[in-house]
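Below is one structure, written out as structure tokens; comments come after it.
This structure is a prediction, so every number in the text was calculated from the model and none was measured. Protein chains get the first letters and strands the later ones, always in sequence-line order, with residue 1 at the start of each.
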Number of protein chains: 2
Amino acid sequence: MSDHPHAQEAPGSVSELLERLDGAIDSFPKRLKQCASFTRRHLHLIAVSTVSEMAKACDVAPSVYMRFCQALGFSGYAELQGLFRARFAEFRPDYEVRLASLHEDGAIATSRLLTDFAEAGHKSLLSIANTVTSDVLDRIARGMASARVVHLVGLRRAFAVVSNMSYLLDKLGVPANLHYGAGMLNAHGAIFPGDVLFAVTFAPFSDETVRLAEAAAKRGITVYGLTDSEHCPVAEWATEMLIAREDEVAGFRALNAAITLTTTLAVSIRTLQQQS
Amino acid sequence: MSDHPHAQEAPGSVSELLERLDGAIDSFPKRLKQCASFTRRHLHLIAVSTVSEMAKACDVAPSVYMRFCQALGFSGYAELQGLFRARFAEFRPDYEVRLASLHEDGAIATSRLLTDFAEAGHKSLLSIANTVTSDVLDRIARGMASARVVHLVGLRRAFAVVSNMSYLLDKLGVPANLHYGAGMLNAHGAIFPGDVLFAVTFAPFSDETVRLAEAAAKRGITVYGLTDSEHCPVAEWATEMLIAREDEVAGFRALNAAITLTTTLAVSIRTLQQQS
DNA sequence: CGCCATGTGGAATATTTGTTCCATTTTGGT
DNA sequence: ACCAAAATGGAACAAATATTCCACATGGCG
């Protein structure tokens with residue numbers, strides 16, 4: 001005997017929310033559609049906005065946004081917002097406990113792992129929208145587009161990121177040079193004035209990457225950095241820094257934020273090329 | 001004649017805040033030091049937390065955190081928080097309007113790209129949760145965990161995926177062999193019975209990757225494939241296939257789905273190791 | 001054309017959150 | 001060991017925010 005024809009459970013994850021949003025949008029009246037489409041595109045705002053702010057952004061009354069939340073199965077805005085703030089329960093994550101529970105049941109664990117990583121991915125993507133300002137990205141794109149050669153360095157976990165970047169820059173016709181290997185990073189032999197260096201390193205930071213950034217900066221080369229924490233030592237030598245925080249699952253992190261940022265960077269360069 | 005010995009202006013940017021934090025931390029008493037050091041390391045939490053939450057995370061009383069804000073020159077927590085929420089004001093203008101003005105300002109175009117790629121990432125992650133069943137993932141994980149050597153092959157866009165996989169397998173102690181380079185893939189020289197091959201290729205499919213999968217399969221090697229479409233020719237030779245559909249933006253695709261799948265795979269292998 | 005069902009937004013209320021106050025504890029100097 | 005100054009945390013108060021309610025508008029259908 002509920003007020004709504006089909007009383008639903010509240011979505012418990014970002015994925016579920018997105019699915020419900022996509023499923024329900026057609027059956028919504030005008031104003032709720034407005035809410036749905038704006039919210040869909042600006043999920044990351046929910047964590048840091050009040051109902052009135054979201055309502056205003058959607059160009060509806062606060063009470064309408066309230067009904068929107070309820071139409072999705074939430075008790076109200078607070079519960080919806082909780083979904084996006086929940087990640088920060090990583091304060092005292094009882095790390096050990098999660099690890100233990102992870103291998104207690106193998107069959108279930110694998111299926112849970114996938115949804116956990118997908119969820120962590122959603123959150124990482126939200127996080128870059130929140131922490132990266134587009135003007136930094138824009139300045140880096142301009143710097144790379146006009147560089148003589150773009151040097152890429154990233155070891156271990158960061159290597160996938162720079163190798164992807166190398167592929168993208170190549171496709172765009174931007175001269176790029178991927179620095180490989182341990183002990184082989186050679187700033188003096190190959191890096192010249194007018195070049196830029198794009199250095200990627202995640203905590204714990206790779207000494208070699210940091211030293212290459214330092215050497216380049218000291219020779220007057222523009223250095224851009226991509227990392228996952230505010231304490232990256234490359235920051236000291238970099239003209240611009242990008243921070244891509246990744247949510248973790250059982251101590252492992254995927255590379256969603258970093259890959260998305262670098263891909264955006266590449267496409268952004270293309271936009272610049274097309275304008276000139 | 002202020003209450004505080006040196007009345008300061010409130011920091012107007014995150015950089016200023018950090019400088020003040022670093023400059024003042026030594027002169028702070030115990031509890032304020034706690035606030036400063038936790039806050040320094042978890043700046044990103046401020047935007048989405050209440051005073052009580054921050055205070056609790058710092059292990060101090062809310063009133064202490066309040067004084068901490070004031071010691072930094074803010075009128076209170078709200079003003080400090082404003083610093084981290086302020087940047088989102090730029091999202092307030094109606095979205096449709098911004099769409100039209102895409103070319104007039106580079107930073108706006110870049111910002112639009114970032115939200116588009118984040119959105120594409122969300123969709124890609126949803127897609128794997130919907131199309132990949134965990135038992136396939138589980139079987140691949142078991143196959144890899146018990147292989148003599150895991151051979152990895154992926155060229156061009158897929159290379160970042162396999163190089164990431166190579167890093168992860170290495171970290172887990174799974175013997176892995178990353179096959180590099182064009183024309184150099186050599187099935188006969190290095191792949192032996194008991195090995196498995198993990199082949200990654202996205203449309204348009206790389207001939208060399210497909211041929212290596214074929215050669216391996218014909219020699220009785222177990223082949224696993226990861227791709228982005230049902231029509232991948234590797235499927236013909238593979239024991240198991242993973243399909244990671246990626247959404248595109250302006251003809252470019254990030255690698256969210258593929259990276260998330262492979263990371264899940266790796267952690268899944270670790271789970272198996274811990275059970276035995 | 002008028003009625004009912006549904007959608008809408010402003011204004012009232014309840015709840016949460018930020019902020020201040022002050023009694024008590026701790027610290028450091030003599 | 002004593003005192004003064006500083007720091008601390010609980011509890012009261014103020015402000016902001018979420019949520020509900022209801023009068024009004026709108027659109028479909030007899």
If you only use heavy atoms from C-beta on, which nucleotide in [options] is closest to the side chain of [X]?
X     : options               : value
B:T50 : D:dG9, D:dA18, C:dT17 : C:dT17
B:V51 : C:dT8, C:dG18, D:dT17 : C:dG18
A:V64 : D:dT17, C:dT8, C:dG18 : C:dT8
A:R31 : C:dT20, D:dA18, C:dT8 : C:dT8
B:S52 : D:dA18, C:dG18, C:dT8 : C:dG18

Which is it for A:V234 and A:L226 under the side-chain contact (heavy atoms from CB on, under 4.5 Å) test, yes or no, and what are the steps along the way?
-> CA-CA 9 Å; A:V234 167; A:L226 167 60; over 6 Å; no
Name the nucleic acid region contacted by B:S63, choosing base, sugar-phosphate or nothing; use a 4.0 angstrom heavy-atom cut-off, strictly under.
->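 Touches a base.
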Distance, rounded to the nearest Å, where [X] contributes [atom1] and [N] contributes [atom2]:
X     : N      : atom1 : atom2 : answer
A:F68 : C:dT6  : CZ    : P     : 21 Å
A:R67 : D:dA18 : CZ    : C1'   : 15 Å
B:Y65 : D:dA7  : OH    : C1'   : 18 Å
B:K30 : D:dA7  : NZ    : P     : 13 Å
B:Y77 : C:dT16 : OH    : C1'   : 14 Å
A:F74 : D:dT19 : CZ    : P     : 12 Å
B:Q81 : C:dT19 : CD    : P     : 9 Å
A:K56 : C:dG9  : NZ    : C1'   : 16 Å

Just do the side-chain contact (heavy atoms from CB on, under 4.5 Å) check on A:V200 and A:T209 with the steps written out, would you?
-> CA-CA 8 Å; A:V200 184; A:T209 303; over 6 Å; no
Within the structure, does a side-chain N or O atom of A:Q70 lie under 4.0 Å from either OP1 or OP2 of D:dT20?
->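 Answer yes for this pair, as a side-chain N or O of A:Q70 is under 4.0 Å from OP1 or OP2.
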Taking the side chain from B:Q81 and the backbone from B:T50, do they hold a donor-acceptor pair closer than 3.5 Å?
->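 Pair absent, no side-chain N/O of B:Q81 close to backbone of B:T50.
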Check the side chains of A:R67 and A:Q70 for a donor-acceptor pair under 3.5 angstrom, ignoring hydrogens and angles.
->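 No, no side-chain donor-acceptor pair sits under 3.5 Å.
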Indicate whether any N or O donor in one side chain lies under 3.5 Å from an N or O acceptor in the other, for B:N256 and A:T260.
-> yes
